[in-house]
Amino acid sequence: MNGRPLDVRRIMLETLGALVPGLLVSVWCYGWGVICQCVLVAVVALVLEALVLRLRGRRGPWIPADASVLVLAVLLGLTLPAYTPWWITIIATAFAVLIAKHAFGGLGQNVFNPAMAGYALVLVCFPAIIKSLDGQFLALDRPWQALRLVLRGVEIDTTSGATVLDVLRTQRMMMLMRSEIDLSAFGFLSAARAQWVNAAFLIGGLFLVVRGHVKWQIPVGLLGTLALLAGAGYVYDSARYAGAMLHLFAGATMLGAFFIATDPVTSATTRRGRWLFGAGVGALIYVMRVRGGYPDGVAFAVLFMNALVPWLDNVTRPRTYGDSRS
Amino acid sequence: MPFRFNGGLKLNGHKSATADVPIRRAAIPPMLYVPLQQHIGRRLTPRVSTGQQVAAGELLASCDGYVGAPIHAPVAATVTGVVERAVAARGAPRQQCIALATSADAAWPGSIASEAETVAAVPAAQMLAAIESCGVLGLGGAGFPTHVKVREGLHRAVDTLIINGAECEPYITCDNRLLQERAAEIAHGAHMLARLVNAHRTIVALEEDMTAAAAAIRPWCEQLGLTLEMVPAIYPVGGEKQLTRVLLGREIPRGSLPIHIGVLVQNVATAAAVYRAVAHGGKLVSRVVTIAGDVASPGNFDTLIGTPVRAVLAQAGGRFEDDLQVWCGGSMMGTPLDDLDAPVTKTTNALLVLPRAPARVPLPCIRCGACVDVCPASLQPQALLDAAVALESEALRKLHLFDCIECGCCDYVCPSTIPLAATYHRAKVHLEEARVAQLASVAVRDRHQRRQARLAQGRDVLVEELITPPAAGDELRDALAAAVARARQRKPDDGAGTI
Ligand code: SF4
Ligand code: SF4
């Protein structure tokens with residue numbers, strides 16, 4: 001029972017607000033490159049969005065009233081590795097705005113989450129670059145150094161390149177026993193930073209749930225399934241599979257659960273549909289993390305479930321009042 | 001309450017300004033315009049002529065068909081003719097109205113003692129005749145003639161009679177006041193209806209915050225063996241379907257009426273009108289109208305049918321300025337009324353004066369699903385929207401467009417401020433008109449074929465056509481017109497559902 005009238009602009013602005021804690025922690029953990037990415041994506045996205053709207057003959061303020069493009073920008077900026085070269089960022093943004101959003105008919109019509117589509121495109125096209133940059137953190141204390149890296153392209157000597165998920169995967173492939181995996185190599189900050197980032201997104205996400213902007217069924221379904229599968233794997237073979245807590249607080253889990261999978265436009269609309277959607281994303285994340293070859297499974301999991309939404313909405317149609325179908 | 005319905009909204013009722021103010025009488029205006037069509041069904045046929053003097057309560061027009069309730073002169077007056085004007089009903093349709101110049105010495109119809117005496121048992125047929133001849137109809141919404149609804153109840157076993165006092169729509173308190181001031185009439189009317197249809201039990205349903213009303217009617221319920229139930233104040237609990245579900249845990253099957261599951265729903269004001277008709281032969285010539293919003297003296301006004309809206313509003317201290325918009329009905333389901341000369345009809349429950357809102361530019365649907373969560377019919381409004389805009393009749397039927405009760409819950413929560421209910425309403429009218437057009441073309445083809453067949457048989461066509469009852473065509477036209485009217489007027493409260 002939701003008696004509070006809201007408007008789209010407000011929802012989007014509050015969503016941006018809810019992203020702030022996670023954004024700040026990300027900067028602290030990964031450096032100023034995070035901000036560089038967000039700003040770059042935002043500028044490009046706004047220019048493209050405005051151009052598209054003009055081309056479609058819509059007049060209005062240059063920053064579209066619904067502010068949804070800003071949410072897209074921050075989500076994409078957060079998903080791309082902090083030191084992604086500028087041209088890759090622009091390609092991802094252009095694909096997200098022009099193809100994933102507007103080629104499908106603009107706000108409300110797009111089937112695929114634009115931010116994830118943009119990220120997935122560059123991940124597929126430039127896998128080596130993205131993978132080598134993913135999780136890089138440079139404790140730079142000057143924003144312009146980060147900017148220079150983004151503009152010039154980085155040659156990072158990968159001192160601390162791999163994330164926890166990467167290490168787990170590669171070492172598992174090498175059939176090492178879990179006890180032999182040495183997580184301490186990450187040091188305190190590096191091992192924990194993803195957890196701090198995840199915790200910060202969790203806080204922002206809970207705020208959105210309380211405000212009613214995010215329908216709780218999706219994050220609960222997603223995190224629940226992920227925890228369940230991870231727990232089961234851990235119980236099955238704790239030597240080879242990481243436990244639930246690690247999965248919940250690694251990679252882009254919380255960002256995905258509260259901010260990406262819950263994008264209203266591309267997720268299911270019925271109550272049961274949201275449960276299934278969330279559970280599907282959670283299961284796919286787990287499978288891709290355990291078996292897949294990419295840094296994290298969130299983007300592909302969300303995109304895959306996006307494609308199923310029309311079907312999900314249809315099969316989970318609520319029973320109309322007075323209908324005999326039960 | 002053990003049962004609940006899906007969705008719905010907790011709304012700010014905005015009722016305090018009017019719920020505690022006693023009902024006042026609206027002044028008798030110099031001119032009354034009594035609409036010839038106040039409910040679905042056929043337009044009435046006038047039984048008076050221009051220049052004729054009529055006494056208070058004299059018949060003005062009645063109906064030749066089954067579905068119709070006659071209208072009467074509210075006070076002594078002179079008939080000055082028939083004029084067409086917009087009336088204060090949903091959608092402000094234009095109707096033919098009998099214009100009456102009220103005489104200088106006209107007086108309000110005598111009031112009926114509110115401490116209703118025990119009524120001698122009246123035979124069923126006599127009760128039914130009184131209800132019909134006094135022009136009683138559903139005062140809660142669509143205005144379905146009460147005798148027709150009751151007669152349906154005579155043919156089937158009525159398990160439960162529900163007297164609907166769950167006035168869930170914001171601002172409206174006319175039933176609330178009536179319960180507080182005329183509880184005896186309501187209870188006796190309910191008792192009469194119960195005996196008429198042999199109801200197993202009778203439930204008087206009020207919203208849980210209507211405590212004063214409950215206190216007023218409780219002793220009468222105890223005395224007459226009626227059950228008083230308080231239902232949660234969740235809009236639209238007063239809708240026939242929602243109320244049935246909340247009280248009985250049963251749903252009215254799609255496309256059926258409450259009577260099909262042994263339930264008869266009547267509004268409290270209707271029950272009071274039944275009492276007046278049966279016990280005193282009181283014609284239904286006035287009703288209580290809530291005047292709320294931006295007026296100096298909001299409250300409920302007992303208003304003669306046919307009184308121009310402007311006159312009642314003036315009495316409530318309404319300003320007539322451009323920044324205000326008058327609504328007919330409450331803030332959820334009301335429709336704008338621009339012509340303030342429109343007369344009050346038997347179904348006008350509220351006139352709401354609100355500041356004109358700046359035009360909202362709807363954004364595209366972002367598929368947030370808020371509408372799905374609140375829809376009391378458990379529809380998928382966002383999916384319906386696409387189909388309704390494109391008028392895809394197949395998709396609309398699959399998505400159960402006609403189960404939408406146009407409650408407006410989806411509009412209320414939509415962050416893109418899309419006028420959803422109005423869009424569905426237009427789609428319904430469109431589909432219904434298309435169906436009617438198809439029916440009509442089939443009828444024309446059939447007639448043509450019959451004529452061809454007769455010609456082929458070499459019979460005398462002229463004679464044949466003379467002996468064919470011409471009424472058949474009229475019947476069809478009436479039926480079709482009624483079908484369209486139904487689609488236009490359908491409302492959740494006290495509605496006729498889908499007869
Ligand atoms: S509430 Fe409005 S924006 Fe949200 S799904 Fe329904 S129609 Fe679309
Ligand atoms: S207006 Fe129709 S679609 Fe909208 S909430 Fe009410 S019943 Fe559902």
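Letters A, B, ... are given to chains in the order of the sequence lines, protein chains preceding strands, and every chain is numbered from 1.
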List the steps and the verdict of side chain to side chain contact (heavy atoms under 4.5 Å, CB included) for A:Asp313 and B:Arg367.
CA-CA 11 Å; A:Asp313 271 355; B:Arg367 294 178 30 91; 3.3 Å; yes

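Across every non-hydrogen atom of A:Tyr321 and B:Thr244, the tightest pair is OH-CB, 4.3 Å. Heavy atoms only, all atoms of each residue included: B:Asp373 and A:Lys215 are closest at OD2-CE, 3.3 Å. Of all the heavy atoms in B:Leu399 and A:Arg317, the pair that sits closest is CD2-CD, 4.3 Å. The two atoms that bring B:Leu363 and A:Val8 nearest to each other are CD1-CB, 3.7 Å, heavy atoms only. Listed here is the closest heavy atom pair of A:Leu107 and B:Pro364: O-CB, 3.4 Å. A:Thr320 and B:His400 get closest at one heavy-atom pair: OG1-ND1, 2.5 Å.
Remark: A:Phe104 CZ is packed, more than 12 non-hydrogen atoms of other residues, nucleotides or ligands lying under 6.0 Å away.
Interface summary for chain A: among B:Arg250, B:Gln382, B:Gln380, the most heavy-atom pairs under 4.5 angstrom belong to B:Gln380. Chain B forms the most heavy-atom pairs under 4.5 Å with one residue out of A:Gly106, A:Ala268, A:Gly273, A:Gly108, and that residue is A:Gly108.
Looking at B:Arg245, the atoms closer than 4.5 Å to chain A (heavy atoms on both sides) sit in the backbone and in the side chain alike. With a 4.5 angstrom heavy-atom cutoff, A:Val214 does not touch chain B via any of its atoms. Contacts of B:Cys368 with chain A are made by both backbone and side-chain atoms, with heavy-atom separations under 4.5 Å.
Of residues 256-264 of chain A, those residues with a non-hydrogen atom less than 4.5 Å from any non-hydrogen atom of chain B are, in numerical order, A:Pro264.
Taken from CG in B:Asp386 to CD in A:Gln109, the straight-line distance is 6.5 Å, to the nearest 0.5 Å. Annotation: the span from A:Arg271 atom CZ to B:Ser378 atom OG amounts to 7.5 Å, rounded to 0.5 Å.
Residues B:Asn6 and A:Arg319 form no side-chain contact, since every pair of their non-hydrogen atoms from C-beta on lies 4.5 Å or further apart.
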